[in-house]
Amino acid sequence: MSILIPSRRSECVFWVAQSEFDGTLCVTSLHFWSTTSQTNLTLSEFTVLTIRIRLVLLAVLALFTPPVAMAANAIAGTSTHGQTIAAPPGTSVSDWNILVVPRAMGFYEIGSEGDNALLRFEVSAAPLSTVGWSVWARFKYRNSSGPGTWYSGSVDYLLVRKELSVGGTLSHGQNLAVPSGTSVSDWNIVVSPASAGMEEVGAEFDNSLLRFSTSYTIIDNSTWQAQATYKFRYSNQGLSAVYSSQAHYLLVSRDVSVIGPVSSNQTFATQGNTAVSDWSALVIPTGVGYEEPGSEGDNAILCFENYFQVADTYLWRAPGRYKYRGHNGDGTWFGAALNYVIVRN
């Protein structure tokens, strides 16, 4: 293509070509001539002409340069303790809300689980810089009648753009108000355990985490209340108590998201004429373990696994489960209570 740039006493025309291979532009030829009998331009006129040429070149480049792909509304992934989750290219942590949920905590040790127990787990993601979050995902576990040891765990995470979401952390019984000008009907809410269990250094030989759960209730048209508790055994005589804990939450606009409960190893589906590749998904463990009042002296959660798989073009499967022992022997696998959230990419 050719571009003509006129001035009071001169004209300049240049030809721009675009590569068929990589789309780059170049000026293939440039012609400049006087439109009057005066062949020489003053310095000021030449400067003005030069500026005009540069401005037009920038405009042409803008027309030909393909736009940079915008990051999606949501991105999901998996990470482990000590790793960094990077913000999508061209964005920063200030553009996103992040929810991390425990993926795998604890161990199973077939044939030798009679004195094993999960004691505590913790998950979070804190901004490490403007372009990433540092993952905290660990659990304390004892595999004998002795003290526990801290190990690295793993998490699944979901990033959602801030214009579509609100995120944070709540304590048990704490209320959460909707953003100004909206109501609970405008949002889907997910609540996930941030931690459960306790550490009792020097006296952990008969301790164990028995159960944990997270949920929420709608208080009114503008308020939710978080529930986050766990039951912990602190003696072989079955002495135990229920304690308050914390939960991470994420509000996502209902215009771009769907939530719901899902049973262990069951499926959940996309919406409308869409495929799983059109959505980012996350599964949350909302109930793991159980209570057995009067007979908890040798009970313990041993481990839990929370993840999901693509079942087909339109379905995911959630095989969330936990291993629990109700006696001084090997544990048994049970299905966990789960919720899911999917957000349109």
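Hydrogens, waters and symmetry mates are skipped; everything else that's a heavy atom, side chains included, is used.
- Leu128 forms part of no hydrophobic cluster, judged by ILVMFWY side-chain heavy-atom separations under 4.5 Å.
- A donor-acceptor pair under 3.5 Å links the side-chain atoms of Ser165 to the main chain of Arg161, judged by distance alone.
- Between Phe232 and Arg120 the shortest side-chain heavy-atom distance does not fall below 4.5 Å.
- Across all their heavy atoms, Asn328 and Gly114 have their closest contact at OD1-O, 3.3 Å.
- Here Ser152 contributes atom OG and His81 contributes atom NE2; the two are 5.0 Å apart, rounded to the nearest 0.5 Å.
- The backbone N or O of Gly320 lies less than 3.5 Å from a partner atom in the side chain of Ser264, making a donor-acceptor pair.
- Applying the salt bridge (Lys or Arg N to Asp or Glu O under 4.0 Å) rule to Arg103 yields the partners Asp156; only residues at least two apart in sequence or on another chain are considered.
- Under the 4.5 Å side-chain criterion, counting only non-hydrogen atoms from C-beta, Tyr324 is not in contact with Thr332.
- Separation of atoms CG (Leu282) and OG1 (Thr78) is listed at 9.0 Å; rounding is to 0.5 Å.
- Once rounded to the nearest 0.5 Å, the distance linking CD1 of Ile75 with CD1 of Ile98 reads 10.5 Å.
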Q. Which is it for Ile85 and Val135 under the side-chain contact (heavy atoms from CB on, under 4.5 Å) test, yes or no, and what are the steps along the way?
A. CA-CA 7 Å; Ile85 299 170; Val135 174; 3.6 Å; yes
Q.
What verdict does the side-chain contact (heavy atoms from CB on, under 4.5 Å) test give for Lys140 and Glu199, after you've listed the backbone C-alpha separation in whole Å, the side-chain angles of each residue and the deciding distance to 0.1 Å?
A. CA-CA 8 Å; Lys140 196 168 192 182; Glu199 189 175 16; 2.8 Å; yes
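- Rounding to the nearest 0.5 Å places CZ of Phe121 at 14.5 Å from OH of Tyr141.
- Not one N or O on the side chain of Gln266 forms a donor-acceptor pair closer than 3.5 Å with the backbone of Ser263.
- Within the 4.5 Å cutoff, the side chain of Val288 has no heavy atoms near those of the Arg211 side chain.
- Membership of an apolar cluster is not assigned to Tyr307, as no side-chain contact below 4.5 Å to another ILVMFWY residue is traced.
- The two residues Ala281 and Ala76 have their closest heavy-atom pair at O-CB, 3.5 Å.
- For the atom pair CG (Leu159) and CG (Leu250), the distance works out to 10.0 Å, reported to the nearest 0.5 Å.
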Q. Checking side-chain contact (heavy atoms from CB on, under 4.5 Å) for the pair Asn188/Val341: CA distance, chi angles, key distance, verdict?
A. CA-CA 9 Å; Asn188 283 314; Val341 56; 5.7 Å; no
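- In terms of modelled atom types and a separation under 3.5 Å, the side chain of Ser112 and the main chain of Glu109 share no donor-acceptor contact.
- For Tyr249, the ring pair (Phe, Tyr, Trp, His ring centres under 6.0 Å) test picks out no residue, with sequence neighbours left out.
- The shortest heavy-atom contact between Ala137 and Val155 is CB-CG1, 3.6 Å.
- With contacts defined as side-chain heavy-atom distances shorter than 4.5 Å, the pair Tyr108/Leu302 does not qualify.
- A continuous path of hydrophobic side-chain contacts links Met198 to Val123 [ILVMFWY only; heavy atoms under 4.5 Å].
- The closest side-chain heavy-atom distance from Ser208 to Asn299 is not below 4.5 Å.
- Every residue two or more places apart in sequence or in another chain that forms a ring pair (Phe, Tyr, Trp, His ring centres under 6.0 Å) with Phe139 is listed here: Phe107, Tyr151.
- Alongside Val310, the hydrophobic cluster contains Val258, Val262, Phe268, Val276, Trp279, Val283, Phe308, Trp316, Leu338, Tyr340, Ile342 (criterion: ILVMFWY side chains under 4.5 Å).
- The cluster map of Ile, Leu, Val, Met, Phe, Trp and Tyr, joined by side-chain heavy atoms under 4.5 Å apart, puts Val256 and Ile284 in the same cluster.
- Checked by atom type and distance alone, the side chain of Ser235 pairs as donor or acceptor with a backbone atom of Leu239 at under 3.5 Å.
- Applying the ring-ring contact (aromatic ring centres under 6.0 Å, His included) test to pairs two or more places apart or on separate chains, none has a residue in residues 158-196.
- Put simply, the side chain of Glu292 does not reach to within 4.5 Å of the side chain of Leu210, judged on heavy atoms.
- In this structure, the side chain of Thr214 engages the main chain of Val191 through a donor-acceptor pair within 3.5 Å.
- Partners of Ser185 under the side-chain hydrogen bond (donor to acceptor under 3.5 Å, both in side chains) rule, at least two apart in sequence or in another chain, are Ser183.
- Neither Tyr157 nor Ile259 shares a network with the other; the hydrophobic side chains, linked directly or stepwise wherever heavy atoms of I, L, V, M, F, W or Y lie under 4.5 Å apart, form separate groups for each.
- A donor-acceptor pair is defined here as one N or O able to donate and one able to accept, closer than 3.5 Å; such a pair exists between the side chain of Ser257 and the backbone of Ser253.
- Between Lys323 and Glu305 there is no salt bridge, since none of the side-chain N atoms of the basic residue sits less than 4.0 Å from a carboxylate O of the acidic one.
- Close placement of the Phe212 and Phe304 rings is indicated, their centers lying within 6.0 Å of each other.
- Qualifying salt bridge (Lys or Arg N to Asp or Glu O under 4.0 Å) partners for Arg317, counting only residues two or more places apart in sequence or in other chains: none.
- Remark: Glu200 pairs with Ala203, Glu204, Asn207, Tyr234 by the side-chain contact (heavy atoms from CB on, under 4.5 Å) rule, at least two apart or across chains.
- Proximity of Ser144 to Asn116: side-chain heavy atoms (C-beta onward) are nowhere separated by under 4.5 Å.
- No side-chain donor-acceptor contact under 3.5 Å links Thr223 to the backbone of Asp220.
- In plain terms, the two heavy atoms of Arg138 and Met105 that are nearest each other are O-SD, 3.9 Å.
- Checked for salt-bridge contact, Glu296 and Lys231 meet the test: a charged N lies under 4.0 Å from a carboxylate O.
- Considering every non-hydrogen atom in both Ser192 and Val100, the closest pair reads OG-O, 4.1 Å.
- Side-chain contact, Gln246 with Thr169: no donor N or O sits under 3.5 Å from an acceptor N or O.
- The two residues Cys303 and Trp333 make their nearest non-hydrogen contact at SG-CH2, 3.6 Å.
- Within the structure, the salt bridge (charged side-chain N to carboxylate O under 4.0 Å, His left out) test picks out no pair touching residues 325-345 (sequence neighbours left out).
- Between the CG atom in Asn175 and the OG atom in Ser222 there is a gap of 9.5 Å [rounded to 0.5 Å].
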Q: Check the pair Thr91 / Trp96 against side-chain contact (heavy atoms from CB on, under 4.5 Å), numbers first and verdict last.
A: CA-CA 9 Å; Thr91 69; Trp96 303 90; 3.0 Å; yes
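- Through direct or relayed side-chain contacts under 4.5 Å between Ile, Leu, Val, Met, Phe, Trp and Tyr, Tyr314 connects to no other residue.
- Residues Trp150 and Leu209 are members of separate hydrophobic clusters, defined by side-chain heavy-atom contacts under 4.5 angstrom among Ile, Leu, Val, Met, Phe, Trp and Tyr.
- Side-chain atoms of Arg233 do not come within 3.5 Å of backbone N or O of Ala300 as any donor-acceptor pair.
- A side-chain contact (heavy atoms from CB on, under 4.5 Å) with Val190 is found for exactly one of Leu99, Asn339, Leu158, namely Leu99.
- In terms of modelled atom types and a separation under 3.5 Å, the side chain of Asn345 and the main chain of Ser280 share a donor-acceptor contact.
- Counting heavy atoms from C-beta outward, Val166 and Pro179 have side chains that approach closer than 4.5 Å.
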